[in-house]
> 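Below: one structure in structure tokens.
Please read all numbers here as calculations on a predicted model, not as lab measurements. Chain identifiers are assigned alphabetically (A, B, ...) following the order of the sequence lines, protein sequences preceding nucleic acid strands; residue numbering begins at 1 within each chain.
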Amino acid sequence: MQIYNTLSGKKEEFEPLNPPDVTFYMCGPTVYDLFHIGNGRSFIMSDIFRRYLIYKNYNVKFAMNLTDIDDRIIQKSIDQKIGSDKVADEFTKAFFDDIKKLKVKEADIYPKATEHIQEIIELIKQLELKNLAYESNGDVFFDVSKFPGYGKLSGKKLDELESGARVEVNDAKRNPLDFALWKKAKAGEPFWESPWGNGRPGWHIECSAMSMKHLGESIDIHGGGNDLIFPHHENEIAQSEGASGKQFAKYWMHFGFLNINKEKMSKSLGNFFTAREILNRHSAEALRLLFLQTHYRGPLNYSEDLLESAARGAEKISNYYRLLKEKLSDSSEGKPFDIDLDAFKIKFEAAMDDDFNTPQAVAVLFDLIKSTNKQLTEENSLNQSSLNEVLGFMKASAIDVFGIISEQENQPVRSGLDDQLIRLLINVRTEAKLDKNYTLADKIRDGLTALGISLKDGKEGTTYNIN
RNA sequence: GGCGGCGUGGCCAAGUGGCUAAGGCGAAGGUCUGCAAAACCUUUAUUCAUCGGUUCGAAUCCGAUCGCCGCCUCCA
């Protein structure tokens with residue numbers, strides 16, 4: 001299996017440090033607001049990578065941090081005149097609600113910055129001891145010039161960075177590129193006690209401290225959006241490797257942006273849709289399929305039409321899966337599928353093994369659907385074990401890895417009485433049809449459609465689905 | 001200014017040296033149906049931004065040109 005590593009700029013063979021264990025850290029949200037679908041792309045794609053590693057029988061430990069103290073949170077707490085912890089709590093809860101709706105599996109651990117102040121302080125002390133950090137009037141900075149590998153992830157050279165620097169003016173810094181490890185508290189800001197006085201952690205240090213605490217000094221995969229390469233991930237490497245002397249992360253993965261009209265979707269540009277808003281109009285499956293149909297490293301120019309077309313595709317896959325299940329419950333024996341299922345499995349895995357080429361892997365699933373759908377609709381009985389094999393593969397790929405099939409069990413539970421009432425209406429409609437009273441028949445069907453119940457007239461009578 | 005990425009059918013998007021350029025959506029025609037829905041069948045790029053070059057052979061490598069985007073500052 002190959003993964004593109006930002007560190008080398010190439011695809012590399014994936015060899016975890018301690019197979020079959022894989023440690024995977026993803027930069028998570030700053031909980032100051034609802035996240036948008038650009039952020040959602042990272043959450044969903046990392047979820048899918050994690051699921052695929054599980055599919056490959058790796059024992060994955062997946063961590064995603066929650067940044068629950070930072071400038072934007074403080075700003076919001078001032079604006080709303082509530083504690084910064086209240087702001088963080090509110091949006092942490094919102095984050096969990098939203099990723100659940102996006103069908104993102106819960107991480108093994110969600111470390112929070114404010115719950116790791118002690119570890120952060122210890123890490124900064126180590127950096128001071130190694131002369132990689134210096135204190136200046138209550139702030140502590142990382143001394144970029146003392147870390148030889150600075151710039152190795154982003155491919156930037158120190159002198160070039162300095163010449164074009166647009167960094168904040170701060171006389172306390174020795175070098176404009178030095179970044180804060182610890183920030184002195186200003187009046188009215190929340191703070192924690194430290195050897196340098198009251199203050200709070202800088203943005204980058206939490207990821208280093210928490211990743212090393214929960215996953216170890218060296219981990220396998222560290223991921224995030226493209227915009228985190230510099231300076232965030234570059235700084236994480238400097239801090240972590242400066243302190244431990246060991247490689248921080250073996251593979252660095254970065255996601256392309258979600259654009260609108262070819263511009264990056266971002267809070268500051270105001271051109272964003274929250275995941276919550278999108279989920280009011282579309283299913284999680286549609287959004288997941290949309291993301292899967294573009295390679296994760298490339299940009300994705302979002303539009304409502306694109307999501308609409310992904311929604312159709314997702315429906316097609318779900319319809320197919322439902323039909324497979326229906327045929328299976330019908331107990332007769334018949335012909336097996338006239339396909340080589342293993343060939344599809346091999347192609348699916350080959351695509352995923354090639355740096356998570358999900359567009360190609362999805363295409364393999366559509367190919368499978370195409371080559372079995374005819375038999376599925378036309379044969380009145382199929383071989384049960386053949387059905388089971390196809391169903392098993394679809395479950396392993398489209399459900400367990402991709403999460404793009406809406407299953408019956410996710411739909412509102414209907415009582416037996418509801419079922420009987422619907423069947424009663426279907427029977428009345430069937431009689432109306434026999435009497436050629438199509439006006440009445442259509443009235444019943446339209447009425448049920450309006451209630452979210454769609455009817456399907458087949459050879460063996462009418463069936464229904466609840467949307 | 002420095003660094004990086006991209007330009008493939010109506011829309012989206014794989015493919016990065018050699019079988020007829022995947023797949024999805026859309027569109028057109030057909031099968032089924034009272035009509036639908038779903039499903040199935042057929043059609044839909046002699047061509048991969050443009051121009052040169054390398055090669056027996058290029059969408060894929062090299063050069064130039066045009067266009068678009070990102071990072072260098074908080075940002076997934």
> Considering only the P atoms, how many Å lie between B:rG26 and B:rC11, rounded to the nearest integer?
15 Å
> In whole Å, I'd like the distance from the CZ atom of A:Phe35 to the C1' atom of B:rC74.
19 Å
> Work out how far the P atom of B:rC41 is from that of B:rC25, and round it to whole angstrom.
13 Å
> Return the value, rounded to whole Å, for the distance between atom CD of A:Gln360 and atom C1' of B:rC12.
16 Å
> Can you see whether A:Phe24 has A:Arg50 sitting over its ring - NZ or CZ less than 6.0 Å from the centre and within 45° of the normal?
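Negative - A:Arg50 is either too far from the ring of A:Phe24 or too far off its axis.
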> In whole angstrom, give me the gap between the C1' atoms of B:rU60 and B:rC71.
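It works out to 27 Å between them.
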> Could you go over nucleotides 38-43 of chain B and give all protein N or O partners under 3.5 Å, atom names and distances?
from: B:rA38; atom 1: O3'; to: A:Asn319; atom 2: ND2; distance (Å): 3.4
from: B:rA39; atom 1: O3'; to: A:Asn373; atom 2: ND2; distance (Å): 3.0
from: B:rA39; atom 1: O2'; to: A:Thr377; atom 2: OG1; distance (Å): 2.9
from: B:rC40; atom 1: OP1; to: A:Asn373; atom 2: ND2; distance (Å): 2.9

> Could you spell out the base pairing of RNA chain B in dot-bracket, with Watson-Crick or G-U pairs whose two distances are under 3.5 Å, [ ] crossing and | to another strand?
((((((((.[[[..)..(....]]]((((((.......))))))....[[[[[..)....]]]]])))))))....
> State whether the distance check finds a donor on one side and an acceptor on the other, under 3.5 Å, for side chain A:Arg445 versus base B:rA37.
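Not at all, since no donor on one side and acceptor on the other fall under 3.5 Å apart.
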> Under 4.0 Å between a side-chain N or O of A:Arg312 and OP1 or OP2 of B:rG26?
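Yes.
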> Step through it carefully: locate the ring centre of A:Tyr150, locate the ring centre of A:Phe142, and say whether they are under 6.0 Å apart.
no
> So which protein nitrogen or oxygen atoms get under 3.5 Å of nucleotides 30-32 of chain B's nitrogens or oxygens?
none

> What about A:Asn357: does its side chain form a donor-acceptor pair under 3.5 Å with the base of B:rG15?
no
> On RNA chain B, compare the nucleotides closest to A:Tyr438 and A:Leu290; which residue's is nearer the 5' end?
A:Leu290
> Look at all strands and tell whether A:His254 reaches a base, only sugar-phosphate, or nothing, counting heavy atoms closer than 4.0 Å.
nothing
> Hey, does the side-chain of A:Asp457 have a donor or acceptor N/O within less than 3.5 Å of a partner on the base of B:rC35?
yes
> If you assign A:Asn39 and A:Leu269 each to the RNA chain B nucleotide with the nearest heavy atom, which residue ends up on the more 5' nucleotide?
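Looking at the nearest nucleotide for each, A:Leu269 comes out on the 5' side.
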> At under 4.0 Å between heavy atoms, what does A:Leu455 touch on the DNA or RNA strands: base, sugar-phosphate, or nothing?
base
> Using atom CG of A:Leu368 as one end and atom P of B:rG23 as the other, report the distance to the nearest whole Å.
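That distance rounds to 14 Å.
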